[in-house]
Structures are given as structure tokens and as C-alpha cells.
Chemist: 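Sharing a structure, written as C-alpha cells. Questions coming.
Whatever order the structure lists ligands and atoms in, that order sets their numbers, starting from 1.
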Amino acid sequence: MADTVTTPRTATKKQVARPPLFKVILVNDDFTPREFVVRILKAEFRMDEGAASRVMLTAHQKGSCVVAVFTKEIAETKATRATEIARDQGFPLLFTTEPEE
Ligand code: TYC
């Protein structure tokens, strides 16, 4: 009896904890200069000129554009910070966040 070995009937799979991700979204407006949008994307989201210009143009033409994806707190911090920098310069530029499906 002491030697009885049992094998589990169900396979257990290791769950890797993956935090939910949030998108930072650039919202278009009619007032913020294109060059300023590109400058903020480069400075706050470490994008190069080409990537920043493409994201800016997509938001300009479609109304909004996903900038990047982060964990919740980082996405919110970056969106708030970038929006505040624009406010400080007198522009209504807005960055928002939303959960990734
Ligand atoms: N639409 C602005 C303009 O024509 C430029 C702009 C682009 C503003 C993207 C915001 O998220 C934005 N000057």
C-alpha cells in the first residue's frame, strides 16, 4: 500500500501570468500643429521621425491612431504626461488609453 504510485488524471498546465495590456491612442484635433504632434511622439514614445509621422498622419486622417501598447499603469502615465506637455504649450492634443481586446 505504501508503494502505491498514482498519476494525475488531468494534465496541469503552468499558467504564465500575463498582465492585461492597454493601448495608448492619439486623438486628432483641428488645432495642434502636425510638427508638434510628431515632436511629442518622438520625445515621449521614443519613435523615430518616420514612425512618428505615420502615426500622426493616421490620426489626422482617421481621427485616432494606436501609438503603443503597455501595461495599464505605464499606458496611463505616458498618456497623461504627453497630454499635459501639450496643455502646457497651449494645445488641445489628447492621448487616451483603452484595454486591448
Ligand atoms: N489635425 C492637425 C492639423 O491639421 C494635426 C494633428 C494630427 C493633430 C494628429 C492631432 O492627433 C493629431 N494641424
Chemist: Considering non-hydrogen atoms only, spot the tightest contact between Pro92 and Arg87 and give its length.
Modeler: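 Closest approach of Pro92 to Arg87: C-NH1, 3.4 Å.
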Chemist: Distance under 4.0 Å, heavy atoms only, partner ligand 1: which residues pass?
Modeler: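 Within 4.0 Å of ligand 1, protein side: Leu26, Val27, Asn28, Asp29, Thr32, Arg34, Val37, Met56, Ala59, His60, Leu93.
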Chemist: Using a 3.5 Å cut-off and no angle test, enumerate the donor-acceptor pairs between side-chain atoms of residues 55-62 and protein atoms at least two apart in sequence or in another chain.
Modeler:
residue: Thr58; atom: OG1; partner: Arg54; partner atom: O; Å: 2.9
residue: His60; atom: NE2; partner: Arg34; partner atom: NH2; Å: 2.9

Chemist: For Leu93 and Thr83: C-alpha separation, side-chain torsions, deciding distance, then whether side chain to side chain contact (heavy atoms under 4.5 Å, CB included) applies.
Modeler: CA-CA 6 Å; Leu93 185 63; Thr83 299; over 6 Å; no
Chemist: Considering residues, nucleotides and ligands other than Arg81, do more than 12 of their heavy atoms fall under 6.0 Å from its CZ?
Modeler: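 It does not: Arg81 CZ has 12 such atoms or fewer within range.
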Chemist: Are the side chains of Lys78 and Phe70 in touch, meaning some heavy atoms are under 4.5 Å apart?
Modeler: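 The answer is yes, as the side chains (C-beta and beyond) meet within the 4.5 Å cut-off.
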Chemist: Can you check whether Phe45 reaches Phe95 side chain to side chain, under 4.5 Å on heavy atoms?
Modeler: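 Side-chain contact under 4.5 Å: yes.
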